[in-house]
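Letters A, B, ... are given to chains in the order of the sequence lines, protein chains preceding strands, and every chain is numbered from 1. We use all heavy atoms of the structure for the numbers below, so side chains are in, but hydrogens, waters and symmetry mates are not. Keep in mind the model is a prediction, meaning the values are calculated, not measured.
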Amino acid sequence: MDSGSIPVGDLSGGLDLQATLESGQTFLWRREDGRAYETADATGGSAWYYTVVGWNDDADPEVVRARQRDGMVEWEATTDADSLLADRLRLDDDLPAIFDRIPDDPLLADARDAYRGLRIVDDPFFPCLVSFICSAQMRVGRIHGMQTALAREFGETVRFDGETYHGFPTPDRLARATEDELRELGLGYRAPYVRRSAELVASGEATSEDVRGLDYADAREAMQTFVGVGDKVADCVLLFSLGYLEAVPLDTWIQTAIADYYPDCEKGSYAETSDAIRAAFGGEFAGYAQTYVFHYLRNRG
DNA sequence: GACCAGGGCCGTC
DNA sequence: GACGGCCATGGT
């Protein structure tokens with residue numbers, strides 16, 4: 001077993017591992033106590049989280065677990081995980097510099113202060129895509145449960161520290177799953193969307209490489225060649241996997257925030273409202289502001 | 001039993 | 001391009 005630690009004090013803006021992993025932006029980590037991510041609570045503050053990486057065909061799956069305790073991120077893994085954690089958790093993002101570019105109106109300031117150290121994640125494309133296809137009309141806890149079920153049923157297994165772990169299924173494996181098999185995992189009407197999008201990726205007919213590098217507006221449109229992906233899911237994948245930090249997914253919570261705090265930003269269509277709230281959130285890093293607001297509103301009761 | 005959840009697809013206008 | 005009906009499912 002490999003292990004290491006990362007001093008949180010060395011990170012500009014620090015880190016809140018629990019808020020980062022339980023804020024509904026990634027569904028690829030699981031808490032060792034098995035609790036779903038329906039609500040954040042104090043007991044999870046120093047819990048172990050684990051994930052399986054190298055889920056694609058050209059690498060063996062590796063297990064990484066991490067926890068935040070005493071000013072450190074401690075990790076244990078089947079391989080060296082320092083750079084992997086830095087990439088996945090965007091530990092090089094300079095949070096103070098980012099918030100310098102985000103307006104500090106009362107809502108944004110409260111959300112920032114409530115979850116200092118919350119970072120946008122950088123998830124692998126295919127698992128992120130599937131997660132957010134599954135997210136349609138679904139609560140955070142159940143989206144997480146669906147991804148756990150997909151891994152359990154169709155993912156590669158790997159042994160670590162006496163336990164068996166499951167990686168996220170490959171595009172090819174999900175493309176070969178039947179719609180009924182996916183429905184049995186509780187995916188409902190999303191089942192054919194997941195299967196057809198997996199086919200597109202597995203065949204190479206549409207991949208992340210068709211999106212990466214495009215400017216934001218073209219990237220959001222290109223994402224919608226995947227099945228089950230409209231404007232909102234496209235924005236989520238752009239933000240949480242492809243590094244488009246200006247993307248502002250307009251979900252029900254953000255729509256509520258617009259109605260309550262930014263009524264002038266309501267423009268009728270997704271595109272125009274999205275542009276307006278992106279401007280209100282400071283443009284370049286608006287997705288950071290969005291994720292703080294989402295997590296803040298969803299947890300304040 | 002209605003209502004809601006990190007919406008998208010499809011037919012119609 | 002805008003709009004409505006429809007799509008599963010479990011929790012409150």
Visitor: If each of K232(A) and F226(A) is mapped to the nucleotide of DNA chain B with the nearest heavy atom, which maps nearer the 5' terminus, i.e. the 5' end?
Guide: K232(A)
Visitor: Atom NE2 of H144(A) to atom C1' of dG11(C): distance rounded to whole Å?
Guide: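 These atoms are roughly 18 Å apart.
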Visitor: Using atom CD of E221(A) as one end and atom C1' of dG8(B) as the other, report the distance to the nearest whole Å.
Guide: 16 Å
Visitor: Starting at atom CG of L182(A), determine the distance to atom P of dC7(C), rounded to an integer number of angstrom.
Guide: 20 Å
Visitor: Mapping V227(A) and M138(A) to their closest nucleotides on DNA chain B, which lands nearer the 5' end?
Guide: M138(A)
Visitor: Assign Q25(A) to base, sugar-phosphate, or nothing according to its heavy-atom contacts below 4.0 angstrom with the strands shown.
Guide: base
Visitor: Consider only side-chain N and O atoms of D161(A) and Y50(A), and report whether a donor and an acceptor are under 3.5 Å apart.
Guide: no
Visitor: Classify R190(A) by what it touches in the nucleic acid, base, sugar-phosphate, or nothing, heavy-atom distance under 4.0 Å.
Guide: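 The residue R190(A) makes base contact.
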Visitor: Could you state the CD-C1' distance from Q137(A) to dT9(C), rounded to the nearest angstrom?
Guide: 11 Å
Visitor: Give the nucleotide from the list dA5(B), dA2(C), dT9(C) with an atom nearest to the side chain of R139(A).
Guide: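 Shortest atom-to-atom distance from the side chain points to dA5(B).
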Visitor: Please work out if F240(A) contacts a base, only the sugar-phosphate, or nothing of the nucleic acid, heavy-atom cut-off 4.0 Å.
Guide: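 Base contact.
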Visitor: Is any side-chain N or O of Y270(A) under 3.5 Å from a base N or O of dG7(B), one able to act as donor and the other as acceptor?
Guide: no
Visitor: Please measure how far the P atom in dG11(C) lies from the corresponding atom in dG8(B), and state the result in whole Å.
Guide: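 24 Å, rounded to whole Å.
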Visitor: Hey, are E199(A) and R196(A) close enough for a salt bridge, meaning a charged N less than 4.0 Å from a carboxylate O?
Guide: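 A salt bridge is absent here (no side-chain N lies under 4.0 Å from a carboxylate O).
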Visitor: With rounding to whole Å, what would you report as the distance between dC3(C) and dA5(B) at their C1' atoms?
Guide: 22 Å
Visitor: Search all heavy atoms of V248(A) against all heavy atoms of R278(A) and return the closest pair with its distance.
Guide: N-NH1, 3.8 Å
Visitor: Does anything in residues 97-110 of chain A form a side-chain hydrogen bond (donor to acceptor under 3.5 Å, both in side chains)? List the pairs, not counting sequence neighbours.
Guide: R101(A)-E284(A), D105(A)-Y262(A)
Visitor: Choose from dA2(C), dC9(B), dA8(C) the nucleotide whose nearest atom is closest to any side-chain atom of S269(A).
Guide: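 That would be dA2(C).
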Visitor: Atom CD of Q224(A) and atom P of dG7(B): how far apart are they, to the nearest Å?
Guide: 15 Å
Visitor: Check the side chains of D2(A) and W75(A) for a donor-acceptor pair under 3.5 angstrom, ignoring hydrogens and angles.
Guide: no
Visitor: Between dC4(B) atom P and R298(A) atom CZ, what is the distance in whole Å?
Guide: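 My rounded result for the distance is 18 Å.
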Visitor: Calculate the interatomic distance between L297(A) atom CG and dA5(B) atom C1'; express it in whole Å.
Guide: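 That distance rounds to 15 Å.
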Visitor: From CZ of R183(A) over to P of dT9(C), roughly how many Å is that when rounded to an integer?
Guide: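 These atoms are roughly 7 Å apart.
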